[in-house]
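There's a structure below that I have some questions on.
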Amino acid sequence: MKNWPLTGISVRTSRIELRWPTPADLDALADRAVEGVHAPGFMPFFSQWTDGSPEEVARRVLQRHWNAMASWSPEDWTLYLVVVHDGEVIGSQSLGARDFGVTREVLLTSWLALSRQGEGLGGHARAAALELAFTGLGAEQAFSVVRRGNDASQGVCRKFGFEHDGSQINAVRGEQVVSDRFRLGRERWSAHRAVEAEVSGTESALPLFGIGTVAAGRGGATLPSTPLASVLSGVRYAAESDQPTP
C-alpha cells in the first residue's frame, strides 16, 4: 500500500520473517492465540488478554492490531508484526514508542505459540526485532519488562545483552506481581549480535515513526537524562504488554 508504507516492512533471519500482517495472517495469529500461548497457571501478560473464551481471545488479538493502526501517529505508535516460520504464522513481535524522534527509545513486546516455544524461534524473532529497531529505525535504546518467574523470557533478555534496569509492580489476576525491567543500548546490542537479519521496507516509512533519516537518528538527538521507559511500560504499554518467549 503506497499510502500506508508500514505494510512493506519486513525482517528476515535464516529461520523466521517478521512482517506486517495481511488479514489472513491476523486470522492465523488469532488461531495461534486460541491454541495457547502460556501455561494456564502462570499469566505473563499484564493485560491478561489470554483469559476468556476462545472467541474473546481471538477478537482481542484482531482488535489490538486494528487499534494500533487506527491510532497511529508519529509521536505515539506501536508496530505489531507477525512472526512467520516456514510459511506459518507462529506469533507476534511489537515495537512501541512515544516521541521516538527525540528519545530514540523503543519498548519490545512479543509472544509465540506455546506449541512452537523451545525451538529457538523466539530468539530469532527477538534478534529480528532488535535489527529493525537499531538498524532500520536508528534506535539508541530498547527495553522490555518481564514478570519474575518467567525464566525463559528473562533468559532471552540476558542472551541478547539486556541489562537489569529496575523493577515494577503490577496487578495481575487480582494479585500483586513484580516484573524486572531490562535495557539494551546500541553498543551492547552490537556486541551481542549473534543472529544475522536483513531489514527491508523502512525507508519510505520513516516519517511515520517521527524521524527523517536513519543517519539523523544515529547522530542527531540525544536521550533525555530521565528516559521515558517508566512512562511507557508503567502506564500505557504495560497495560497491553506482551513478553518475550524463547
Side-chain angles (χ1 to χ4, degrees), residues 1 3-11 18-21 46 64-82 92-110 125-145 157 160-163 165-166 168 181-190 193 197 199-244:
M1 294 179 63
N3 292 310
W4 194 249
L6 298 174
T7 59
I9 292 177
S10 174
V11 191
L18 300 186
R19 70 187 185 207
W20 181 270
F46 301 136
R64 174 173 293 186
H65 284 255
W66 292 334
N67 181 67
M69 180 170 64
S71 61
W72 188 288
S73 76
E75 297 76 31
D76 190 347
W77 49 262
T78 305
L79 176 69
Y80 285 108
L81 302 174
V82 289
S92 171
Q93 284 273 339
S94 80
L95 292 76
R98 286 181 178 174
D99 299 316
F100 181 72
V102 176
T103 68
R104 293 299 194 270
E105 177 182 74
V106 296
L107 169 69
L108 302 181
T109 73
S110 63
R126 175 48 53 97
L130 290 170
E131 193 76 36
L132 174 58
F134 288 112
T135 299
L137 302 181
E140 296 295 336
Q141 299 279 328
F143 74 96
S144 185
V145 184
C157 287
F160 284 95
F162 284 79
E163 297 179 288
D165 191 41
Q168 66 184 53
R181 306 164 65 82
F182 294 93
R183 176 172 295 279
L184 179 67
R186 174 180 289 279
E187 289 187 8
R188 280 187 63 84
W189 162 72
S190 181
R193 199 175 175 190
V199 180
S200 61
T202 57
E203 185 174 356
S204 62
L206 290 178
L208 286 175
F209 292 97
I211 53 182
T213 66
V214 172
R218 291 179 175 177
T222 58
L223 287 171
S225 58
T226 303
L228 294 182
S230 59
V231 177
L232 289 172
S233 69
V235 180
R236 179 170 187 265
Y237 288 105
E240 302 177 352
S241 182
D242 305 328
Q243 302 304 330

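Treat the numbers as computed from the prediction; the structure is a model and nothing was measured. In this chain, residues are counted from 1 in sequence order.
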Distance, nearest 0.5 Å, that separates OG of Ser110 from CG of Leu81: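 These two atoms lie 12.0 Å from each other.
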Distance-only side-chain donor-acceptor flag, Ser94 / Thr78, under 3.5 Å: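 No - no donor-acceptor pair under 3.5 Å links their side chains.
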Salt bridge present between Arg188 and Glu163 (N-O < 4.0 angstrom):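 Answer for the salt bridge query: yes.
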Flag, side chain of Ser71 to backbone of Asn67, donor-acceptor distance under 3.5 Å: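 Yes, Ser71 side chain to Asn67 backbone: donor-acceptor pair under 3.5 Å.
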Any donor-acceptor N or O pair under 3.5 Å, side chains Gln141, Arg104: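 Distance-only check fails for Gln141 and Arg104.
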Residue pair Leu130 / Thr135, side-chain heavy-atom distance below 4.5 Å: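 No, side chains not in contact.
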Gap separating the CG atom of Leu107 from the CG atom of Leu95, nearest 0.5 angstrom: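 It comes to 8.5 Å.
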Interatomic distance, Trp4 atom CH2 to Trp20 atom CH2 [nearest 0.5 angstrom]: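 Answer rounded to 0.5 Å: 6.0 Å.
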Aromatic ring pairing Trp77/Phe100, orientation class (parallel under 30°, perpendicular over 60°, tilted between):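 Correct class here is perpendicular.
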Between Trp189 and Phe160, ring centroids under 6.0 Å: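 No; Phe160 has its ring centre 6.0 Å or more from that of Trp189.
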Electrostatic pair Arg98:Glu105 at N-O distance under 4.0 angstrom: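 Salt bridge: no.
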Arg181 (side chain) donor-acceptor with Ser144 (main chain) under 3.5 angstrom: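 No: the side chain of Arg181 does not pair with the backbone of Ser144.
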